[in-house]
There are 2 protein chains.
Amino acid sequence: MSQIQSSNQGSIEKKQFGCDCERCDLRDLFFDHVDDTILAEICSSKEENNYEKGDLIIREGEDLINFIYLRSGLVKLYRTDKEGKSQIIKIGKPLDFVSLLSVFSDTMHKYSVTALEHSVTCSIKLSRIIELAKENGEFALNLMQKMSRVYDQIIIDFLEIRKKHLRGRTAHVLLFFADSVYKSNHFELPISRKEIAEFIGMTPENVIRTLSEFRKDSLISINGKQIAIIEKKKLLMISEHG
Amino acid sequence: MSQIQSSNQGSIEKKQFGCDCERCDLRDLFFDHVDDTILAEICSSKEENNYEKGDLIIREGEDLINFIYLRSGLVKLYRTDKEGKSQIIKIGKPLDFVSLLSVFSDTMHKYSVTALEHSVTCSIKLSRIIELAKENGEFALNLMQKMSRVYDQIIIDFLEIRKKHLRGRTAHVLLFFADSVYKSNHFELPISRKEIAEFIGMTPENVIRTLSEFRKDSLISINGKQIAIIEKKKLLMISEHG
DNA sequence: ATCATGGTATGATAACTATCATACAAATAT
DNA sequence: ATATTTGTATGATAGTTATCATACCATGAT
């Protein structure tokens, strides 16, 4: 998968290690404080995996062996109970440290992760990451800060969602995809109405119904999974106060 | 507040540093990997604070200057919105790392903390803790693991609560106090019905009503804030399935 | 091609929960 | 001591949400 190239005098400022880590968005975050020799070693030992929409990346309960992070794509982080009902905790992009969550809190994965679109992950032996963290406090502190921010955001989102009614929750999730994921008022929903329901604590019927209401009120237009936000301000008001 | 004592040949196995840190429950967790000289320095620079029931320990939005941890007592961790409505995130005991949350994710406190009974906190300059974490990866990793566990538990509790109805939520909170806090089926509620409501996403009226129902069904007995759990198995079933 | 399946859609109804009103006790303030 | 506020308690009602039923479409399987 990798072979060390001694030099590369291109215009790219990032250091080169003979694999494509230098083009990885997560690289800076993780490895700013790790020295180059170690970085090259990790880089060559990492395992890259491709997943298609719907593919399971991590199954809740699996042994936590690898430190898996999302390099590109979009995933859902969720839990499933004995009756088979799922609850989505987070829709994760790269830099969101999705698969990082709970990596240090247990010996098993606490959440499942499934790809919502074509996604690429990189895996590094967790034992190696833990060694690194022990050897290198700056690296550990860096990880801790990122992880803490992700956790706090999940908590705050849960609290916000809990305060809202059907319309507010539905507006919330539409604005989340528009502003935080696709940065556009026109996008294709990466999840079904049922999954939206699992994300914001509603029933699928009510998600569908509320989306239809928004359409009838000309706040959005719907074409299958294609959503266009027409009246963003009103949607924002609904998310906040209604 | 402290003066170094050179030795203490008593039966206590923990090391002595001239202040009462050696009797602190949190000591092992935090400082197992920090060497004795540093420990003594921290110990003598720490600030200990006492709070009575109802006292505000941390106000959301305050600058995050100190690393404050709960040495003894019981606290609530919560957020308050513009309309003055609060949501309780966690009831925290010592070892729960309550005040630790979000310490590394921002420059401000993200949550407020108020004492629910007489509580003692210790404060250490956050900058010193960050230095320590940078210098000492084992210490940083240790912190990260503890923090991650606390966060994961909050997420899982939120998801569980979200699945339940009024009776299930109310049973959940009673069992939480009985099993996780007081380790007894007879205890005094440290919070009001209103606060229970803020904790589990209900209205105070419905908390009161549901507690009354439980009393009428002889599942519990109520005398003001004194609660005795009579039918624990039934309460457990209600928490899980109804 | 046709069948089964899952997703979307909508209405009717049942179930659940919040709100409003009222009452009273307990704690706190003046 | 009395007044004010806060907490507890309960009922009636309005509002919100879930469930059930049905229908249709799109997708993938045989």
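- Looking at A:L95 and A:L70, their side chains never come closer than 4.5 Å, going by heavy atoms from C-beta outward.
- Rounded to whole angstrom, the span from the CD1 atom of A:I208 across to the C1' atom of C:dG6 amounts to 11 Å.
- Counting only distance, with no hydrogens or angles, the side chain of B:S184 and the backbone of B:F187 share no donor-acceptor pair below 3.5 Å.
- Judged purely by atom type and a 3.5 angstrom limit, A:D81 uses its side chain to pair as donor or acceptor with the backbone of A:K85.
- With a 4.5 Å cut-off on side-chain heavy atoms, B:Q87 and A:K163 count as touching.
- Distance CG (A:L189) to C1' (C:dT8): 12 Å, rounded to an integer number of Å.
- Note: CD1 (A:I222) to P (C:dT8) measures 10 Å, nearest angstrom.
- Between the C1' atom of C:dC16 and the CE atom of B:M202 lies a distance of 11 Å, rounded to the nearest Å.
- Checking C:dT17, C:dG7, C:dT19 against the side-chain heavy atoms of A:K194 singles out C:dG7 as nearest.
- Both the sub-6.0 Å distance and the 45° axial angle are not jointly satisfied by B:R209 relative to the ring of B:F214.
- Applying the 4.0 Å criterion to OP1 and OP2 of C:dT17, one finds that B:N206 has every side-chain N and O outside that range.
- One can place NZ of B:K164 at 18 Å from C1' of C:dT17, the figure rounded to the nearest angstrom.
- Mapping heavy-atom proximity under 4.0 Å, the span of DNA chain D touched by chain A runs 5' to 3' from D:dT16 to D:dC20.
- B:D106 has no carboxylate O lying under 4.0 Å from a charged side-chain N of A:R149, or vice versa, which leaves the two without a salt bridge.
- Look at CZ on A:R193: it is 13 Å from C1' on C:dG6, rounded to the nearest Å.
- Among the nucleotides C:dT8, C:dT19, C:dA12, the one closest to the side chain of A:R209 is C:dA12.
- Taking atom CD1 of residue B:I200 and atom C1' of nucleotide C:dA18, one finds them 15 Å apart after rounding to whole Å.
- To the nearest 0.5 Å, atom CD1 of residue A:I91 and atom OG of residue A:S180 are 11.5 Å apart.
- Between A:E205 atom CD and C:dA9 atom P there is a gap of 13 Å when expressed in whole angstrom units.
- Within 4.0 Å (heavy atoms only), B:R215 reaches sugar-phosphate atoms of the nucleic acid but no base atom.
- Applying the 4.0 Å criterion to OP1 and OP2 of C:dT8, one finds that A:K225 has a side-chain N or O inside that range.
- With C:dA18, C:dA9, C:dC16 as the choices, the nucleotide that has an atom nearest any side-chain atom of B:T203 turns out to be C:dA18.
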